[in-house]
Amino acid sequence: MNRTFSIIKPDATKRNITGSINKIIEENNLKIIAQKRVKLTKVQAEGFYSVHKDKPFFKDLIDYMTSGPVILQVLEGNNAVEHYRNIMGSTNPENAETGTIRKTHALNIQENSVHGSDSDKNAEIEIKYFFDEGEIIS
Ligand code: ADP
Ligand code: MG
């Protein structure tokens, strides 16, 4: 068993489809072992996405990620990081496989409904960025 970090992004909370996304997560054998709804501050969003700070889409990404509530989650399962990336689908929903969260729900390459960690190391860093260990009930 291992863990990954997930965000249900503002485009999805706005459309009231967080339950549909959680259903896909659970049907694919990932367990939601922590979850909270928050509105990210600019500082939090910039820190979280600091790896992208020199990208042309950075400012728009921060505006979008702070535009409404998000659901922060810790997911547990076998091979959780890679498994969740597969369930999410490609960054650009046009390239995502049928049945993935992004193919089913994303609006475009920016408003793509979910975040998932891209490595075990980053999962650990991202979980620590938003959760205390006591908030995670395995
Ligand atoms: P992923 O979320 O699939 O790991 P990245 O880490 O490359 O993708 O990018 C982080 C987020 O930045 C994406 O999920 C998306 O919201 C946004 N993004 C990525 N590339 C673009 C782009 N070319 N134009 C606009 N937004 C983008
Ligand atoms: Mg990424």
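One-based numbering, in listed order, for ligands and for the atoms of each.
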May I ask you to list the atoms of ligand 1 that are less than 4.0 angstrom from any heavy atom of [X]?
X	result
Arg102	1 (P), 2 (O), 3 (O), 14 (O)
Arg85	1 (P), 3 (O), 4 (O)
Asn112	13 (C), 14 (O), 15 (C), 16 (O)

Among all protein non-hydrogen atoms, which one is nearest to [atom], and what is the separation to 0.1 Å?
atom	answer
atom 11 (C) of ligand 1	Leu61 CD1, 4.0 Å
atom 15 (C) of ligand 1	Ile109 O, 3.3 Å
atom 8 (O) of ligand 1	Thr91 OG1, 3.4 Å
atom 16 (O) of ligand 1	Gln110 O, 2.8 Å
atom 25 (C) of ligand 1	Phe57 CB, 3.6 Å

To the nearest 0.5 Å, tell me how far [X] [atom1] sits from [Y] [atom2].
X	Y	atom1	atom2	answer
Lys103	Ile24	NZ	CD1	13.5 Å
Leu107	Asn112	CG	CG	9.0 Å
Ile87	Ile21	CD1	CD1	12.5 Å

Whether [X] lies under 4.0 Å from ligand 1, heavy atom:
X	value
Met65	no
Lys9	yes
Asp118	no
His115	no

Aromatic ring pairing Phe48/Tyr129, orientation class (parallel under 30°, perpendicular over 60°, tilted between)
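Plane angle between 30° and 60°, so tilted.
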Anything under 30° is parallel, anything over 60° is perpendicular, the rest tilted; go ahead and classify Phe5 against Phe131.
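Perpendicular.
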Heavy atoms only, cut-off 4.0 Å: how does His52 contact ligand 1, side chain, backbone, both, or neither?
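Near ligand 1, His52 shows its side chain, while the N, CA, C and O stay back.
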Flag the pair Leu72 / Ile7 as yes when at least one side-chain heavy-atom distance between them is below 4.5 Å, and no otherwise.
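Touching, per the 4.5 Å side-chain cut-off.
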Are Phe130 and Gln44 packed together at the side-chain level, in the sense that at least one heavy-atom pair is separated by less than 4.5 angstrom?
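Phe130 reaches Gln44 side chain to side chain.
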Where do Tyr84 and Ile101 land on the side chain to side chain contact (heavy atoms under 4.5 Å, CB included) test, with the steps shown first?
CA-CA 10 Å; Tyr84 189 47; Ile101 294 169; 4.0 Å; yes
Specify the closest pair of heavy atoms between Ser67 and Lys14, including all atoms of both residues, with the distance to one decimal.
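Distance-wise, the nearest heavy atoms are OG-NZ, 3.2 Å.
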